[in-house]
Amino acid sequence: MADLPNREIAAALDELGDLYELDGAISHRVLAYRNGAKAVREATQSVGALAREGRATELPGIGATLQEKIVALVVDGEIPARAKLKAKYPEGLLEITRLPGVGPKRVRLMFTELGIDSLASLKAAAEGQQLRGVKGLGPKFEESVLASLEAGLGEAPAPRVLLSQALREGEAIVAGLRAHPTANRVELAGSARRLADTVKDLDVIATADDPAALTAALAGLPEIESAGTAGENAAKGRTHTGLSIDLRVVEPDQFGNLLQHFTGSARHNIRLRENAVKKGLHVSEYGILDDATGETLRCATEEEVYAKLGLPYVPPELREDRGELDPGFAVPPLVREEDLLGDLHCHTVASDGRNTIEEMAQAAIERGYQYLAITDHSATHGFGNHVDPDTLRRQIERVRTINAQLDGFELLIGTETNILPDGSPDYDDELLAELDWCIASVHTAFQTPRAEMTKRMIAAVEHPWIDAIGHPSGRKLGRRPGYDVDLDAVIEAAARTGTMLEINGAPDRRDLDDIHARAAAEAGVKILLDSDAHGTDRLGNVRWAVATARRAWLGPEHIANTRPWPEFAALRRRARG
DNA sequence: GCCGTTTTCGGCCCGACTGTTTTCAGTCG
């Protein structure tokens, strides 16, 4: 039987948590479901299969009860408790909780007292001033509900933007604030600082000689479209693209506490605080209260916060409650952009790129690289120009000619070949053997069923002339999940054959993701960080691949293209036989 | 519902804000 993808099991647990919350369950029980959902979402094995073997309880946060519910879901297609609660609470209730200031308690209250079960019936009741008749609700609540409905909130979850866009705006705002004469320290916090895939809003923490002058300055920055009234120590604003931003100016001796708190993640902070309580320490954004002395320790730097708790400093990218607070944790060396010596995935005008081979090579040299592989799309790609076998043969000659003229730089001729539905590449083996490099990717037939897709990708991994798999999951952030494939099996095959797996740096890909990249590296797979540049100005996209690699706890030794060309050359599948 | 240098029960982060409250519950980050 084909198991449900982990993301669907996780969604079911999240929904069950929401339903229990509506039902008035204690918060810890609700949290247990959300923690369970996180564990499932971050698992690299099929949790459905694990649960049927009775091994899902090995995941942190999954106990006997959750395992039983997962088994019910994958075997019977439904969890009895979920069916029962869904019958009890209409679907419209959950979307009402998206309104600010309206949570599960008030939704249940309005449902039981007034029968409100949708945004529409809520609107009618608020307009008819019926909400104020309910004990615990008043006219102010009615007004705020109407204002939120008017603003269209509740109709869709708050949008998240790609990290690339969030940092473009956030870094400009930070630079603008730092340039203000009263500013001292200014740092971006939140998920943007953790280099997460996507970002909901920007948090900036600062110190200043004159805090009110700095909060007032926010509204004047060119990136800010509108700003609320600035307070003494805080200001809110919105950028021209609609991203909201919070600025907080704090005392210098609490800067470390605030920066740590607002960098998150929430789960990292919860774990950090739970562990601290066992040592008699209570952590908040204002300091660390020591039970033994009754004193609150203030920290000017984040390093002090972690040191006071007896912990190694945790880099922001690792703060996701994925083991970074476990006893014995040692900070791993993390790869940096300057560690990279080459890029193995880019396009030229021969397929759908914007620059020539020469221009791409020159841009790579200017970045300080030692090698670059030209990897245009193969014949059946379906958009852009098709590089048919004869065109590729001519391209081989051209690249060899150009390479002969370059000193101290290796220009490689490669391809990004399609993985056809049967798992074979687009060119015959003879032609592939003539190349220096071959990366293979899925660009078609995304809807292939899981078992077939897994077989298809493993066939590509096992192919003797395929050196690496490009964007292995096929996800597009904010647009589609990856195709249905058992990535764990693909990783196992890659480890066995010595085929590399890519972290693609296109800002809406970052594929492999951090979870699977970490699993792949742990399995011994060599990881490739590529830009997938379609122009000279996009080689820098490798930054987003580096961000994902760091979130995957990867250091230079895990990454193939941190190696000088002779070493890298020997690592290629084609060189290993 | 999970979990164990306070082990199989009794705990389970911390604080701000809001509105409705007369000491607090709900929501949010």
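Just so it is clear: chains get the letters A, B, ... in the order the sequence lines come, proteins before strands, and each one is counted from 1.
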Query raised in the report: Charged N to carboxylate O below 4.0 Å: is that the case for A:R55 and A:E58?
Result: yes
Query raised in the report: Can you tell me how far C1' in B:dC14 sits from the matching atom in B:dC9, rounded to whole Å?
Result: 25 Å
Report summary line: Separation of B:dC13 atom P from A:N35 atom CG, nearest Å, is 11 Å
Query raised in the report: How close or far is atom P of B:dG29 from atom CD1 of A:I205, stated in whole angstroms?
Result: 15 Å
Report task. Return the value, rounded to whole Å, for the distance between atom CZ of A:R34 and atom C1' of B:dC28. Result -> 13 Å
Query raised in the report: Salt bridge check: are A:E317 and A:R319 linked by an N-O gap of less than 4.0 Å?
Result: no
Query raised in the report: Quick one: do A:R106 and A:E21 make a salt bridge, cutoff under 4.0 Å?
Result: no
Query raised in the report: When rounded to the nearest Å, what value does the distance between C1' atoms of B:dC13 and B:dT8 take?
Result: 24 Å
Report each atom pair, protein N/O against N/O of nucleotides 22-25 of chain B, whose distance is under 3.5 angstrom.
none

**Report entry** Pairwise P distance for B:dG15 and B:dG10, with rounding to whole Å
**Finding:** 26 Å
Query raised in the report: Distance between the C1' atoms of B:dT20 and B:dT27, in whole angstroms?
Result: 14 Å
Report task. Would you mind classifying the nucleic acid contact of A:Y33 as base, sugar-phosphate or nothing, using non-hydrogen atoms under 4.0 angstrom? Result -> sugar-phosphate
Query - Close approaches to DNA chain B from residues 125-154 of chain A, in residue order (heavy atom, under 4.0 Å) - result: A:G136, A:L137, A:G138, A:P139, A:K140, A:F141
Requested in this report: Can you tell me, in whole Å, how much space there is between the P of B:dC17 and that of B:dT23?
Outcome: 23 Å
Query - Flag side-chain contact, heavy atom, 4.5 Å: A:V204 against A:V186 - result: yes
Query raised in the report: Any ion pair linking A:R194 and A:E320 (charged N to carboxylate O, less than 4.0 Å)?
Result: yes
**Report entry** Close side-chain approach of A:F255 and A:C299, heavy atoms under 4.5 Å
**Finding:** no
Query raised in the report: Can A:Y313 and A:E302 be counted as having a side-chain donor-acceptor contact under 3.5 angstrom?
Result: yes
Query raised in the report: How is A:L99 classified with respect to the nucleic acid when contacts are heavy atoms under 4.0 Å: base, sugar-phosphate, or nothing?
Result: sugar-phosphate
Report task. State plainly whether the residues A:E187 and A:R178 are in salt-bridge range, i.e. N to O under 4.0 Å. Result -> yes
Requested in this report: Rounded to the nearest angstrom, tell me the gap between atom CZ in A:R98 and atom P in B:dT27.
Outcome: 16 Å
**Report entry** Of A:G101 and A:N269, the one whose closest DNA chain B nucleotide lies more 5'
**Finding:** A:N269
Query - Proximal nucleotide (of B:dT27, B:dC13, B:dG1) relative to the A:P104 side chain - result: B:dT27
Query raised in the report: Does the salt bridge (Lys or Arg N to Asp or Glu O under 4.0 Å) test come out yes or no for A:E522 and A:R518, once each step is laid out?
Result: CA-CA 6 Å; A:E522 280 172 4; A:R518 186 172 168 188; 3.5 Å; yes
Query raised in the report: Which glycosidic conformation, syn or anti, is assigned to B:dT7 if syn requires a torsion within 90° of zero?
Result: syn
**Report entry** Under the salt bridge (Lys or Arg N to Asp or Glu O under 4.0 Å) test, residues paired with A:E251 that sit two or more places apart
**Finding:** none
Check nucleotides 2-4 of chain B for protein N or O atoms closer than 3.5 Å to its own N or O atoms and list the pairs.
residue, atom, partner, partner atom, Å
B:dC2, OP1, A:G63, N, 2.6
B:dC2, OP1, A:G63, O, 3.4
B:dC2, OP1, A:L66, N, 3.2
B:dC2, OP2, A:T65, OG1, 3.3
B:dC3, OP1, A:G61, N, 2.7

Report task. Rounded off to whole Å, could you give me the CG-to-P distance for the A:L19 and B:dG1 pair? Result -> 13 Å
Query raised in the report: Are A:R34 and A:D18 ion-paired here, with the side-chain N under 4.0 Å from a carboxylate O?
Result: yes
Query raised in the report: Got a sec, which pairs hit side chain to side chain donor-acceptor pair (under 3.5 Å) with one end in residues 237-250 of chain A, sequence neighbours left out?
Result: A:Q165-A:T241, A:E169-A:T239, A:E169-A:T241, A:K236-A:D246, A:T239-A:T241
Requested in this report: Nearest 0.5 Å please: distance from the CD1 atom of A:I9 over to the CD1 atom of A:I70.
Outcome: 6.0 Å
Query raised in the report: For the pair made of CG in A:D14 and P in B:dG1, what is the distance, rounded to whole Å?
Result: 16 Å
Query raised in the report: What is the distance from CD of A:Q260 to C1' of B:dC13, rounded to the nearest Å?
Result: 12 Å
Contact list (N/O, under 3.5 angstrom) for nucleotides 14-16 of chain B vs protein:
residue, atom, partner, partner atom, Å
B:dC14, OP1, A:H282, ND1, 2.7
B:dC14, O4', A:R273, NH1, 3.1

Query - Counterpart base for B:dT8, defined by Watson-Crick or G-U wobble contacts under 3.5 Å - result: none
Query raised in the report: So among A:D209, A:L177, A:T207, which one has a side-chain contact (heavy atoms from CB on, under 4.5 Å) with A:T182?
Result: A:D209
Query raised in the report: Using atom P of each nucleotide, how far apart are B:dG1 and B:dT6 to the nearest Å?
Result: 27 Å
Report summary line: A:K279 NZ to B:dT6 P, in whole Å, measures 11 Å
Requested in this report: Taking atom P in both B:dA16 and B:dT21, compute the distance separating them and give it to the nearest angstrom.
Outcome: 24 Å
Report task. Can you label the angle between the A:Y306 ring and the A:H268 ring as parallel, tilted or perpendicular, going by 30° and 60°? Result -> tilted
